[in-house]
Amino acid sequence: MSALVPRSDFPLLSVNPALVYLDSAATAQKPRAVLDAMNEFYESDYANPHRGAYALSARATERYARARGAVARFFGVRDEECLIFTRGTTDSLNLIAGAWGRANLGRGDEVIVTGAEHHANFVPWQQIAIERGATFTICPLAADGRADVEALAALVSRKTRVIAFNHVSNVLGAINSVPEIASIARSVGALSVCDGAQGAPHMAVGFDALGVDFYAASAHKMLGPMGTGVLIGRREVLELLPPYQTGGDMIEFVGDERTTWNVLPHKLEAGTPNVAGAVGLAAACDYLTAIGIDAVASHERALVRLAYERVSAIEHVRVHGPAATERSGVLSFTVGDIHPHDLASLLDERQICIRAGHHCAQPLMRRLGVSATARASFYVYNDENDVETLGAAIESAKRVFALA
Ligand code: PLP
């Protein structure tokens, strides 16, 4: 199975032909189209948007608005004013937990997250629950690492105000049923917040049909730049949301005693925006759309299936999470008692990049009964040779550690 896109589209991969990059769940490599779009913005249309009375500033404003439109189309959002540009998933989730939580949570209310959340969708909710005197409940996981929806349905009550959960686990690649969880939340009048950091890069989101109240994602995991992300929300909730940060751009009128807020999306985008970031994300969305997001999903699933078979057949290897056919392009595993960091270092000697550690998911590590795993993750530029190179390198590492 060859890669879905030519390696030559990616400058870093082109100049490092021997590099086997298997860490796209941490961050994806950038196609030239994204780098060129950002550069072109800086070279042709760069100025501070929204404020200038001159044509160049108007062009920068126009580029920012066009980027929002393109990203909204990619995420399946008709009302593009409901797409807020942020610094990334962490920023998006802190925005909603902080702004909504502070305004809406009180003593006796309940916040539910799953046991498989990245710290970015765990800690902000835990902290706002502590601050507001709300109960913080962790929904159990099914054996395959997905949220146990039956347990969740039994857990919720009228006290439940929010359910925060991932679209896809960054450790296990397990894919949650977003509409099902959103519907459980709706049945008790709770808000549903989906962490799409590992969903949006790999499968169609279709926000308007998803049923969830909020969806967060990071540009850098979907071929776009670091420092940019989105929070997409339902207008009714966004309209009632108090600002997350205050300052320039997000105001309507500043009086000596009080201030009124700008309309969406500006109310939630204080300060000079990251226009180049938005332009880069829009170019990444266009690139993924040109390949076809469904083709991206099938390519990764085929590769991960191959990797699952190759790696799990090696003696002493334990692959965590769902069956080969049920996962997004992520494979977490341990090899006997070889520490994942040692394994990753040995693989690095062969120019294979994998991640090792708790993957910012310590609550999940506890539930898996491990302190760390090794993780290989696949994307559009990976092919079956990468899978074979990984398998052979694990076998060689076992010999180095005298693991028969
Ligand atoms: N949520 C998940 C599932 C992730 O995998 C990550 C990053 O690895 C994040 C949230 C945080 O994303 P960022 O660091 O881009 O804000």
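Read the numbers this way: they start at 1 and go in the same order the structure lists the ligands and their atoms.
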Asks: Would you please name every residue forming a salt bridge (Lys or Arg N to Asp or Glu O under 4.0 Å) with E131, sequence neighbours left out?
Replies: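 With sequence neighbours excluded, E131 shows a salt bridge (Lys or Arg N to Asp or Glu O under 4.0 Å) to R102, given in chain and number order.
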
Asks: Assess R68 against Y64: is NZ or CZ under 6.0 Å from the centre of the six-membered ring, and within 45 degrees of the ring's axis?
Replies: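 Relative to the ring axis of Y64, which defines the angle, R68 lies inside both limits.
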
Asks: In order of chain and number, which residues sit within 4.0 Å of ligand 1 by heavy atom?
Replies: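 For ligand 1, the residues that come within the 4.0 Å heavy-atom cutoff are T89, T90, H118, A120, N170, D195, A197, Q198, S218, H220, K221.
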
Asks: Could you check whether the rings of F136 and F122 sit parallel, tilted or perpendicular, using 30° and 60° as the cut-offs?
Replies: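 It falls in the perpendicular class, over 60°.
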
Asks: Return the set of residues passing salt bridge (Lys or Arg N to Asp or Glu O under 4.0 Å) with E388 (not counting sequence neighbours), or none when no residue passes.
Replies: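 E388: salt bridge (Lys or Arg N to Asp or Glu O under 4.0 Å) contacts with R310.
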
Asks: Once you measure the plane-to-plane angle for Y379 and Y381, does it fall in the parallel (<30°), tilted (30-60°) or perpendicular (>60°) bin?
Replies: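 Perpendicular: the ring planes of Y379 and Y381 meet at over 60°.
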
Asks: With sequence neighbours excluded, what pairs up with D208 under the salt bridge (Lys or Arg N to Asp or Glu O under 4.0 Å) test?
Replies: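 Once residues adjacent in sequence are excluded, the partners of D208 under the salt bridge (Lys or Arg N to Asp or Glu O under 4.0 Å) criterion are R78.
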
